[in-house]
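Worksheet: one structure, shown below.
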Number of protein chains: 2
Amino acid sequence: MIKLTAQRQAILDMINQSNQHWDAEILARALSDAGHSIGIATIYRGLTALEQAGLIQAMHLGDKKRYERSDKAHHDHLVCGSCGSIEEFFDEQIEQRQRHVASQYHFQMNGHQLLIFGICQQCLKLSVKGEQS
Amino acid sequence: MIKLTAQRQAILDMINQSNQHWDAEILARALSDAGHSIGIATIYRGLTALEQAGLIQAMHLGDKKRYERSDKAHHDHLVCGSCGSIEEFFDEQIEQRQRHVASQYHFQMNGHQLLIFGICQQCLKLSVKGEQS
DNA sequence: GTTATTATTGATAATAGTTATCGTTCTTGG
DNA sequence: CCAAGAACGATAACTATTATCAATAATAAC
Ligand SMILES: [Mn+2]
Ligand SMILES: [Mn+2]
Ligand SMILES: [Zn+2]
Ligand SMILES: [Zn+2]
């Protein structure tokens, strides 16, 4: 049973009030800007505690762990290698097939992570414009 | 054009002669055991160079980067959270659907990573036996 | 309602994985 | 040969994260 201290509540609120995929450092800066000065160790501990309590969800992207709200349904991510933006999608057929593959391998699946890498629509437009130099 | 020095060749051979998903540290130890004493910085640089040359392929798993042979067809991974073993699979329907999702979002996909987490068959068997204590 | 117990915090040290620096060594084309 | 560039190895530096520990806050016992 997690204890929602003032610091943890601030972390949770910040995450719940956005659609971002936060890492610890960015979150600490945002909280600081919002008037909460929370030690970086407390941020890390709070994120871990909130994740274990199921109040936020986490994923690994590159070398850092990112956190987002857990009050939205499961989804996967399109990651833009140019601007770093992250779009979300859900595809039931992919989910189904994953369950199928797991059962074929007698593998007891308890989660998955699908990242699609590439260039987002925005960045594609910009690069087309930029090319007429 | 990559230059295959003795060190890089040793790294490449070690990777090509196995089906493992190597991280830098484990690889360094294996090379050392095999008689090649290669500086850890050279290992990291070599892995990066070999990856850029397309001679090996890489993926992020948790907090470390893993490398494997690139002479096998694209595949995704089942990762056992108990013993750490990695099984490989390929599912054309999942691949297709990913392309479909990307095009729907006007996203120019140039790669993806699908990790399925869970417990492998081996570990499931062992845990069943262990439970009759 | 004080006191003892326990949990949490924040500063900071420590760790893990990786990259940068730099002097030395190896290649290679002239 | 020999000069120029590439690669190497030791190690410092860096980034993300966890551990330590004294101080503080919350909770439980009398
Ligand atoms: Mn998301
Ligand atoms: Mn593989
Ligand atoms: Zn973009
Ligand atoms: Zn296993």
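Following rounding to the nearest Å, His60(A) (NE2) and dA16(C) (P) show an atom-to-atom distance of 17 Å. The separation between Lys65(B) atom NZ and dT19(C) atom P is 7 Å, rounded to whole Å. With rounding to whole Å, Leu4(B) atom CG is found 10 Å from dC8(D) atom P. Rounded to whole angstrom, the span from the CG atom of Leu47(A) across to the P atom of dT9(C) amounts to 12 Å. Rounded to an integer number of Å, the gap from Asp23(B) CG to dT19(C) P is 13 Å. The separation between Arg66(B) atom CZ and dA16(C) atom P is 16 Å, rounded to whole Å. Atom CD1 of Ile2(A) is separated from atom C1' of dT27(D) by 17 Å (rounded to the nearest Å). One interatomic measurement links the two molecules: CD of Gln9(B) to C1' of dC8(D), which rounds to 17 Å at whole-angstrom precision.
Between Ala41(A) and Ala24(B), the one whose closest nucleotide on DNA chain C sits nearer the 5' end is Ala41(A). Along DNA chain D, the nucleotide nearest to Ile40(B) and the one nearest to Met1(B) differ in position, and the one closer to the 5' end is contacted by Met1(B).
Nucleic acid contact class of Glu25(B) (heavy atoms, under 4.0 Å, all strands): none.
Residue Arg45(A) has no polar side-chain atom (N or O) positioned under 4.0 Å from OP1 or OP2 of dA19(D). The phosphate of dA7(D) (OP1 or OP2) has no side-chain N or O of Thr5(B) nearer than 4.0 angstrom. Listed pair Gln7(B) / dC26(C) fails the phosphate criterion, with no side-chain N or O lying under 4.0 Å from OP1 or OP2. For the pair Lys3(B) and dA6(D), the criterion of a side-chain N or O lying under 4.0 Å from OP1 or OP2 is not met. One finds a side-chain N or O of Tyr44(B) lying less than 4.0 angstrom from the OP1 or OP2 phosphate oxygen of dT18(C).
Interatomic distance, Gln122(A) CD to Glu87(A) CD, rounded to the nearest 0.5 Å: 9.5 Å.
A salt bridge does not link Lys64(B) with Glu25(B): every distance from a Lys NZ or Arg NE/NH1/NH2 to an Asp or Glu carboxylate oxygen is 4.0 Å or more.
When the options Lys65(B), Arg66(B), Arg69(B), Arg8(B) are evaluated for a salt bridge (Lys or Arg N to Asp or Glu O under 4.0 Å) with Glu51(B), the one that passes is Lys65(B).
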Test side chain to side chain donor-acceptor pair (under 3.5 Å) on Glu95(B) and His74(B) and set out the steps.
CA-CA 10 Å; Glu95(B) 305 287 324; His74(B) 167 73; 3.1 Å; yes
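Under a hydrophobic clustering in which Ile, Leu, Val, Met, Phe, Trp and Tyr are joined whenever their side-chain heavy atoms come within less than 4.5 Å, directly or via other members, Phe117(B) and Ile119(B) fall into different clusters.
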